[in-house]
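First comes the structure, then the notes that go with it.
Only this structure's heavy atoms are used, side chains among them; waters, hydrogens and symmetry mates stay out. When a ligand or atom number is given, it counts from 1 through the structure's own listing order.
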Amino acid sequence: MEIKGSIALVTGANRGIGYAFARALIARGAAKVYAAVRDPASVSDRDLTPLRLDVTVPEEVAAAAAAAGDVTMVINNAGVGGFETELLRGSFAGAREAMEINYFGTWAVSRAFAPILARNGGGALINMLSTASWASRPDYPGYAASKAAQWSLTGALREGLREQGTLVIGVHAGFVETDLSSFTDAPKISAEDVAEQTMEALANDRVEVLTDERTRQVKHALSRPVER
Ligand SMILES: NC(=O)c1ccc[n+]([C@@H]2O[C@H](COP(=O)([O-])OP(=O)(O)OC[C@H]3O[C@@H](n4cnc5c(N)ncnc54)[C@H](OP(=O)(O)O)[C@@H]3O)[C@@H](O)[C@H]2O)c1
């Protein structure tokens, strides 16, 4: 897809990977980038067009779609960790929130914008996924399940929007240097690296982005027998 001249909407574009996506789009000549965020005042970059959007609030999703009918590209980036839900202890609140935002939020935004993308020539829908989409994690089972669900949804959207000509891309990353991964000292790649690799995929109509070595290894290992 041609990025130059495109009109993009990025959820959670005020910080982290979402902001890197927004800057990469501007750098490649996007005509307009909506920063779709819970609090429009949190967007200080004058190159971006702030738009109120909590992806879990149906009225805000509908209002964003009504306000941004010119969009040709949607990046579902908004997400949370839900890390406070442990495997064998504690309430399910964090895991439920991760499912609401990462999975149902992505689904709600995709539904609302699919007809807009169709009207505007097909365009692209990009979902920010994870290595955890494919790796069960006893240390953050709620997050991993939400990312597995979001990956499944990405496949359904790819098939379901094929006829309308929408390119659906899944972007998988291990740890990325942002607030969300601040709990670990594990090796991380930069948000800018994730954004650049995604721009390359967009420009070359590739449907999957495996941003780091660990993610490539995990994807490769999926066909192996399950270990005890
Ligand atoms: N960092 C990593 O290691 C890593 C690795 C793989 C995938 N990812 C994925 O990358 C995406 C971005 O994460 P990040 O690392 O950039 O995290 P981050 O720095 O914590 O940013 C999260 C973003 O999501 C927004 N958000 C949260 N709930 C929202 C809601 N209900 N509606 C709208 N926006 C909401 C936040 O907005 P507020 O500012 O209002 O809170 C913020 O803009 C997530 O989907 C995450 O799962 C991250």
Side-chain angles (χ1 to χ4, degrees), residues 9-24 33-45 48 50-64 74-83 94-110 112-113 125-135 137 139-140 142-151 153-154 169-195 197-198 208-216 218-219:
L9 179 142
V10 184
T11 65
N14 54 331
R15 59 193 175 100
I17 300 170
Y19 184 61
F21 279 138
R23 283 309 324 168
V33 179
Y34 291 103
V37 294
R38 290 195 275 206
D39 176 11
S42 66
V43 179
S44 53
D45 188 326
L48 308 182
L51 188 63
R52 182 177 298 282
L53 178 59
D54 182 325
V55 300
T56 65
V57 179
E59 296 75 18
E60 292 193 11
V61 175
V74 172
I75 303 188
N76 284 305
N77 161 80
V80 291
F83 297 134
R96 286 193 205 282
E97 186 192 40
M99 211 46 112
E100 277 301 324
I101 295 173
N102 303 353
Y103 175 54
F104 285 109
T106 296
W107 196 348
V109 171
S110 302
F113 280 89
L125 182 78
I126 297 113
N127 289 345
M128 186 60 217
L129 307 170
S130 173
T131 314
S133 301
W134 295 316
R137 299 295 311 220
D139 39 357
Y140 39 85
Y143 178 74
S146 76
K147 287 290 164 182
Q150 197 188 7
W151 174 59
L153 173 69
T154 303
I169 303 177
V171 182
H172 297 260
F175 291 118
V176 183
E177 190 68 62
T178 69
D179 295 341
L180 190 137
S181 67
S182 58
F183 68 94
T184 175
D185 292 330
K188 299 173 189 177
I189 61 171
S190 70
E192 291 73 22
D193 190 358
V194 173
Q197 292 191 53
T198 305
E208 189 168 81
V209 188
L210 307 177
T211 58
D212 53 69
E213 191 47 39
R214 164 117 182 98
T215 303
R216 289 187 282 274
V218 169
K219 173 84 196 279

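By the 4.0 Å heavy-atom criterion, V37 is excluded from the residues contacting ligand 1. Heavy-atom distances between D39 and ligand 1 stay at or above 4.0 Å for every pair. Using 4.0 Å as the threshold, K147 has a heavy atom nearer than that to some atom of ligand 1. In this structure, G174 is part of the shell of residues with a heavy atom less than 4.0 angstrom from ligand 1. Under a 4.0 Å heavy-atom criterion, N102 is not in contact with ligand 1. Heavy atoms of Y143 come nearer than 4.0 angstrom to ligand 1 in at least one pair.
Taking any N or O of A36, backbone or side chain, none lies under 3.5 Å from an N or O belonging to ligand 1. Between N14 and ligand 1, at least one pair of N/O atoms sits closer than 3.5 Å.
Looking at atom 19 (O) of ligand 1, its nearest protein heavy atom turns out to be R15 NH1, 3.5 Å. Looking at atom 10 (O) of ligand 1, its nearest protein heavy atom turns out to be M128 CG, 3.2 Å. At the shortest separation from atom 40 (O) of ligand 1 among protein heavy atoms lies R38 NE, 3.1 Å. Shortest contact from atom 33 (C) of ligand 1 to any protein heavy atom: L53 O, 3.3 Å. In terms of protein heavy-atom proximity, atom 2 (C) of ligand 1 is closest to V176 N, 3.4 Å. What sits closest to atom 32 (N) of ligand 1 on the protein, heavy atoms only, is V55 N, 3.0 Å. Closest protein heavy atom to atom 34 (N) of ligand 1: A78 CB, 3.3 Å. In terms of protein heavy-atom proximity, atom 31 (N) of ligand 1 is closest to D54 OD1, 2.9 Å.
Counting only N and O atoms by type, the side chains of N102 and S146 include a donor and acceptor under 3.5 Å apart.
Using a 30° and 60° split on the angle between ring planes, H172 and W134 fall in the parallel class, below 30°. Classification of the Y143-Y140 ring pair by plane angle, with boundaries at 30° and 60°, yields perpendicular.
Checking side-chain atoms of E177 against main-chain N and O of K188 turns up no donor-acceptor pair under 3.5 Å. Using a distance-only test at 3.5 Å, with no hydrogens or angles considered, no donor-acceptor pair links the side chain of N14 to the main chain of S42. Formation of a donor-acceptor pair under 3.5 Å by the T184 side chain with backbone atoms of S181 is not found in this model. In terms of modelled atom types and a separation under 3.5 Å, the side chain of T11 and the main chain of N77 share a donor-acceptor contact.
Between E208 and K219, at least one side-chain N (NZ, or NE/NH1/NH2) sits under 4.0 Å from a carboxylate O, which counts as a salt bridge. Ionic pairing of R137 and D139 is present here: one or more N-O contacts between side-chain nitrogen and carboxylate oxygen are shorter than 4.0 angstrom.
The environment of CG in D185 is sparse: at most 12 heavy-atom neighbours from other residues, nucleotides or ligands sit within 6.0 Å. R96 CZ: 12 or fewer foreign heavy atoms inside a 6.0 Å radius.
If you look at T178 next to ligand 1, the close heavy atoms, those under 4.0 Å, all belong to the side chain.
Every atom of ligand 1 is numbered from 1 in the order shown, and the set under 4.0 Å from a heavy atom of F175 is 3 (O). Each of the atoms 28 (N), 31 (N) of ligand 1 lies under 4.0 Å from some heavy atom of I101.
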Side chain to side chain contact (heavy atoms under 4.5 Å, CB included) evaluation trace for T211 with D193
CA-CA 8 Å; T211 58; D193 190 358; over 6 Å; no
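Evaluated by nearest non-hydrogen atom to atom 11 (C) of ligand 1, the leading choice among N77, I17, L129, I189 is N77. Summarising the contacts of atom 22 (C) of ligand 1 with G16, G79, G12, the nearest heavy atom is found in G79.
Of the listed residues (N127, I17, I169, I126), just one forms a side-chain contact (heavy atoms from CB on, under 4.5 Å) with I75, and that residue is I126.
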